[in-house]
Amino acid sequence: MELRREQLIHKGKANNVFSTNAGDILELEASDRISAGNGERRDVIEGKGVVNNVISMYCFKLLEKNGIKTHFISEGSNECSKFVKKLDMIMLEVINRRYTAGSFCERFGCEAGVEIVPSGVEFSLKSDELGDPFIPKFAIKALGIATEEEIQYMEETTAKVSDILSEYFDSLGVRLIDFKIEFGRDMDGNIVIGDEISPDTCRLVDKVTGEKFDKDLFRQNLGGVGEAYRKILERVKG
Ligand code: ADP
Ligand code: UDP
């Protein structure tokens, strides 16, 4: 069956979600919208949607090749979109850290750039109202967000994803500092990775020069966001 987009069902901070002519498939479109501080600062970066979508699709294909289940089905109806399995999203942001950065340094008062071996996985509650707070595992269970087994699966899978993506970016001369992924349950109740894997959700820097290729440029108001995203796309395209 040829997939066709139907209604816009969710306009998120960065992505548009459409229903399709297949009940269990969505079309996820990366927009040029960018935001920081849970939507407090907003802008539009021309060309960001294409970059994020191409990189995201590449990463999902790479993970699938390595036996990791994701929601990715196929390229979408335009260069900013992809068709994905519709998931019942688990309201967690699963973060993996390979080097200290960002909120980790703020919370623990440490310097940035210290290697974390083995890489660490932590969970935040996905809630704009609450500012995506850190959530301990006992609370994930107590609040009925996920079971012990599901938490363990997400932790183990995220660590594997980290090693696969890190090896890949390393081959492009890029260091993966940290990233966020989201999981959801498919129609059969299996947990798979959803959402996106892009410079909006990963910290990526040049291994030699430390040049940033990710959303930190916007978060820190450093400028050059579009150019940096185009540069990382060039490396991914080879
Ligand atoms: P937000 O909604 O937090 O502003 P986005 O702009 O990225 O974030 O919007 C995309 C939304 O689609 C997110 O809420 C994300 O959890 C959700 N999503 C991602 N993949 C899927 C999927 N396969 N099935 C259902 N929802 C998804
Ligand atoms: N991240 C994300 N969405 C969020 C919060 C974090 O994609 O809502 C990503 C972020 O890009 C980084 C990693 O998760 O790669 C760790 O982010 P951190 O907890 O340090 O938070 P931040 O400094 O971005 O507030």
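Every number for a ligand or one of its atoms is a count from 1 in the order of the listing. Residue numbers count from 1 along this sequence.
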In terms of atom number and element, which parts of ligand 1 are under 4.0 angstrom from non-hydrogen atoms of [X]?
X     : result
Leu26 : 24 (N), 25 (C)
His71 : 20 (N), 22 (C), 23 (N)
Val84 : 23 (N)

Answer with yes or no whether [X] contacts ligand 2, where contact means a heavy atom under 4.0 Å from a ligand atom.
X      : result
Lys215 : no
Asp200 : yes
Lys126 : no

Starting from [atom], what is the nearest protein heavy atom, named by residue and atom, and what distance separates them?
atom                    : value
atom 1 (P) of ligand 1  : Lys13 NZ, 3.7 Å
atom 26 (N) of ligand 1 : Met89 CG, 3.5 Å
atom 25 (C) of ligand 1 : Leu87 O, 3.3 Å
atom 15 (C) of ligand 1 : Asp195 OD1, 3.3 Å
atom 16 (O) of ligand 1 : Glu182 OE1, 2.8 Å
atom 3 (N) of ligand 2  : Lys180 CE, 3.6 Å
atom 3 (O) of ligand 1  : Lys126 NZ, 3.0 Å
atom 7 (O) of ligand 1  : Asn15 ND2, 2.7 Å
atom 11 (C) of ligand 1 : His10 CD2, 3.7 Å

Using a distance-only test with no angle check, is there a side-chain donor-acceptor pair under 3.5 angstrom linking [X] and [Y]?
X      : Y      : value
Glu196 : Asn15  : yes
Arg4   : Thr20  : no
Gln152 : Glu148 : no
Ser103 : Arg97  : yes

Looking only at atom types and distance, does a side-chain atom of [X] sit under 3.5 Å from a main-chain N or O of [Y], one as donor and one as acceptor?
X      : Y      : result
Asp32  : Gly49  : yes
Glu155 : Val121 : no
Thr100 : Val114 : yes
Ser31  : Ala14  : yes
Asp186 : Gly189 : yes

- Would the Phe60 and His71 ring centres measure less than 6.0 Å apart?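 Yes: the rings meet the under 6.0 Å criterion.
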- Check: Tyr58 ring centre within less than 6.0 Å of Tyr168 ring centre: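 Yes; Tyr168 has its ring centre under 6.0 Å from that of Tyr58.
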- Examine the proximity of ligand 2 to Glu106 and report which part, side chain or backbone, both or neither, has a heavy atom under 4.0 Å away. neither
- Query: Is it the side chain, the backbone, both or neither of Ser124 that has a heavy atom closer than 4.0 Å to ligand 2?
  - Reply: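 Within the 4.0 Å criterion, Ser124 makes no contact with ligand 2.
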- Quick one: closest heavy-atom pair of Phe179 and Thr158, and the distance?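 Minimum heavy-atom contact is CZ-O, 3.8 Å.
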- Identify the two heavy atoms, one from Glu27 and one from Asn78, that lie closest to each other, and give their separation to 0.1 Å.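 The pair with the smallest heavy-atom distance is OE2-N, 4.2 Å.
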Shortest reach to [atom] by a heavy atom, considering only [options]:
atom                    : options                       : value
atom 6 (C) of ligand 2  : Glu93, Gln220, Lys13, Arg107  : Glu93
atom 19 (O) of ligand 2 : Ser103, Cys202, Ser198        : Ser103
atom 24 (O) of ligand 2 : Glu182, Glu122, Arg97, Arg219 : Arg219

- Item | Side chains of Ile177 and Leu204 in contact at under 4.5 Å (non-hydrogen atoms) | no
- Given side chains that start at C-beta, do those of Glu182 and Ile197 come closer than 4.5 Å, heavy atoms only? no
- Query: Taking both backbone and side-chain atoms of Asp178, is any N or O found less than 3.5 Å from an N or O belonging to ligand 2?
  - Reply: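 There is such a contact, yes.
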Only heavy atoms of [X], strictly under 4.0 Å: list the atoms of ligand 2 that pass.
X      : answer
Asp132 : 8 (O)
Arg203 : 12 (C), 15 (O), 16 (C), 17 (O), 18 (P), 20 (O), 22 (P), 23 (O), 24 (O)
Gly102 : 20 (O), 23 (O)

- Query: Can you tell me if Gly184 has a non-hydrogen atom under 4.0 Å from ligand 1?
  - Reply: no
- Salt bridge check: are Glu150 and Arg185 linked by an N-O gap of less than 4.0 Å?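 Salt bridge: yes.
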N or O pair under 3.5 Å between [X] and ligand 1:
X      : result
Asp128 : no
Glu196 : no
Ala14  : yes

